[in-house]
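Working notes, beginning with the structure itself.
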Amino acid sequence: MQYGLLGEKLSHSYSPELHAMFGDYPYELYEISPEALGDFLRARDFQGLNVTIPYKTTVMAVCDHLTEAAEAIGSVNTVVREPGGGLLGDNTDAAGFEGMLWKSEIPVRGKKCLVLGSGGASLAVQYVLDKQGAGEVVVISRSGKDSYDNIHRHKDAQVIINATPVGMYPNTAASPVDLREFPACEGVLDLIYNPSRTALIQQAEALRIPRMGGLYMLVEQARFSAQIFTKKTFSVIRTVDAFQTLRRRKENRVLIGMPGCGKTTVGYALAQFLDRPFVDCDQKLEESFGVSCEDFINRNGEDAFRDHETALLAKLGKESGLVISTGGGCVTRAENYPHLHQNGAIIFLERELSKLPRKGRPLSLRGNLQDMYTIRLPMYRRFADLIVANNAEPERVARNVEVLYDRFNS
């Protein structure tokens, strides 16, 4: 055992892949229950650890020494064994959050800031806000003077920071607050990085409030942890590069478009090009139905089909690193957008109507294809991050998707 991440539930973690970008040290996940934590720490069978929910303050008590930052913050997220065998507790969350503020360009100086949560991550956030000259900083806890029961007293908050796990994978539909209750809000920061866009971030996006999710903070704090582990210095450019690389690897590519526009063919080519799993939603539904989508719709109606489709998209949208080919009508239900958007870049694949096949596509056969296209076109555009024409061989279109994706995210 050398290096790793200590926490209670770690199935969502990107840390091993991330630390591999900074060094060649072995890095594993140590998912330890509260009952087993004491034995794990007493064994000291490690060289260095990152620490996450819910152990950031617990671990602090067993450290033999603390850095100035860890002592000032009152929380530890990085532990290393000293030459004499003692444990040194440090905190790189503060540096990570400082990097997140810089990247987001959301000003906090003189602003009223609402920090949701009072755990270890919250302590690092409060430390940085004080350092950056924030105005009033209010910490919302589940109980006490400032809680969710009386949060309405702070509707004048200008910056809202989520330092709780509410909205984290797999419970991605949850949000700690309703931003419509904060009319003065000028910026939203969510420390959660999986999903990439939490329900809170998606609401901020819908309300056109400047916002940022926690992936950049994760990468920046990992850079500082790697420096502690390796005793080497890594430029901030490494953070930017690792952030872009990790985002590109983890973000789903979601293909939408008219029935027969080539989503399956292009999706398969794109999955091969990116070396990642491919999921055809209609095929998945047919496997669960035991009959074709056409037969299911004919027997049960379109509404029943859409219910099953939405349930599938809610499940798939939580995953990362997939290429997903959706059914042509998924855009007819607005609730499918947050499912697909939380971890995905949505690509509208366009193709001339004259080239769209109808065989085996019940909804295309039932009415006028031009009328369907006219109705759905605004929906496709509303869902889409990118629009790509499918007018070449699938491999070429797939490569074009990635070229446009890279431009969109540069």
Pair E220 + R223: basic N to acidic O under 4.0 Å: yes

Before giving the answer on salt bridge (charged side-chain N to carboxylate O under 4.0 Å, His left out), spell out for D280 and K263 the whole-Å C-alpha distance, their side-chain angles and the decisive distance to 0.1 Å. CA-CA 9 Å; D280 184 317; K263 299 185 295 293; over 6 Å; no

Ion pair D275/R249, N-O distance below 4.0 Å: no

Given the options Y30, F46, F22, Y25, Y3 meets ring-ring contact (aromatic ring centres under 6.0 Å, His included) only with Y25

Taking the basic N atoms (NZ, or NE/NH1/NH2) and the acidic carboxylate oxygens, is any pair closer than 4.0 Å for K111 and E136? no

Looking at R396, I'd like to know if its CZ atom is crowded, meaning that more than 12 non-hydrogen atoms belonging to other residues, nucleotides or ligands lie closer than 6.0 Å. no

CG of D178: more than 12 outside heavy atoms within 6.0 angstrom? yes

Of the non-hydrogen atoms in I73 and A94, which two are nearest, and what is the gap between them? CD1-CB, 3.7 Å

Quick one, Q227 and K232 - any side-chain contact, counting heavy atoms below 4.5 Å? no

Tell me, yes or no, whether the heavy-atom count around R153 atom CZ, taken from other residues, nucleotides or ligands under 6.0 Å, exceeds 12. yes

Would you mind checking if R197 and D190 are paired as a salt bridge, meaning a charged N to carboxylate O distance below 4.0 Å? no

Kindly determine whether R253 and D385 satisfy salt bridge (charged side-chain N to carboxylate O under 4.0 Å, His left out), including the steps that lead there. CA-CA 10 Å; R253 309 295 191 273; D385 296 305; over 6 Å; no

Determine whether I228 and T92 make a side-chain contact, defined as any pair of heavy atoms from C-beta on separated by less than 4.5 Å. yes

Answer yes or no: is there a side-chain heavy-atom contact under 4.5 Å between R333 and N336? yes

Is R381 close enough and on-axis enough to F348, meaning under 6.0 Å and within 45°, for cation-pi? no

SB check K112 D156 (cutoff 4.0 Å): yes

Step through it carefully: locate the ring centre of H308, locate the ring centre of F289, and say whether they are under 6.0 Å apart. yes

Ignoring hydrogens, what is the shortest heavy-atom contact between N409 and R247? Give both atom names and the distance. O-NH2, 2.8 Å

Surrounding OH of Y268 (heavy atoms of other residues, nucleotides or ligands, distance under 6.0 Å), is the total greater than 12? no

Cationic N near anionic O, under 4.0 Å, R42 to D39: yes

Side-chain heavy-atom pair V254, F383 within 4.5 angstrom cut-off: no

Any side-chain donor paired with an acceptor under 3.5 Å for Q342 and T172? yes

Heavy-atom neighbours of D24 CG exceed 12 at 6.0 Å: no

Indicate yes or no: does E395 engage R399 in a salt bridge with an N to O separation below 4.0 Å. no

Using a 4.5 Å cut-off on heavy atoms from C-beta on, say whether the side chain of S141 contacts that of D146. no

Residue E98 excluded, over 12 heavy atoms near CD under 6.0 Å: yes

Run the salt bridge (charged side-chain N to carboxylate O under 4.0 Å, His left out) check on E17 and K250 step by step: do they pass? CA-CA 11 Å; E17 185 176 354; K250 295 298 182 181; 2.9 Å; yes

I'd like to know whether CD of E105 has more than 12 heavy-atom contacts from other residues, nucleotides or ligands below 6.0 angstrom. no

Can you check whether E82 reaches L87 side chain to side chain, under 4.5 Å on heavy atoms? no

Looking at every non-hydrogen atom in both residues, tell me the closest pair between L191 and M217 and how far apart they are. CG-SD, 3.5 Å

Looking at L123 and S118, what are the two nearest heavy atoms and their distance? CG-O, 4.5 Å

Minimum heavy-atom separation for N252 to G317, with atom names? ND2-O, 4.2 Å

Quick check on E335: does its CD atom have over 12 non-hydrogen neighbours (other residues, nucleotides or ligands) under 6.0 Å away? yes

Using the ring centroid of each side chain, check whether H12 and Y169 are separated by less than 6.0 Å. no

Less than 4.0 Å between a side-chain N and a carboxylate O, is that true for R142 and D149? no

Give me the atom names and distance for the closest heavy-atom approach of S175 to V166. C-CG1, 3.7 Å

Any heavy-atom pair between the side chains of L189 and L101 that's under 4.5 Å? yes

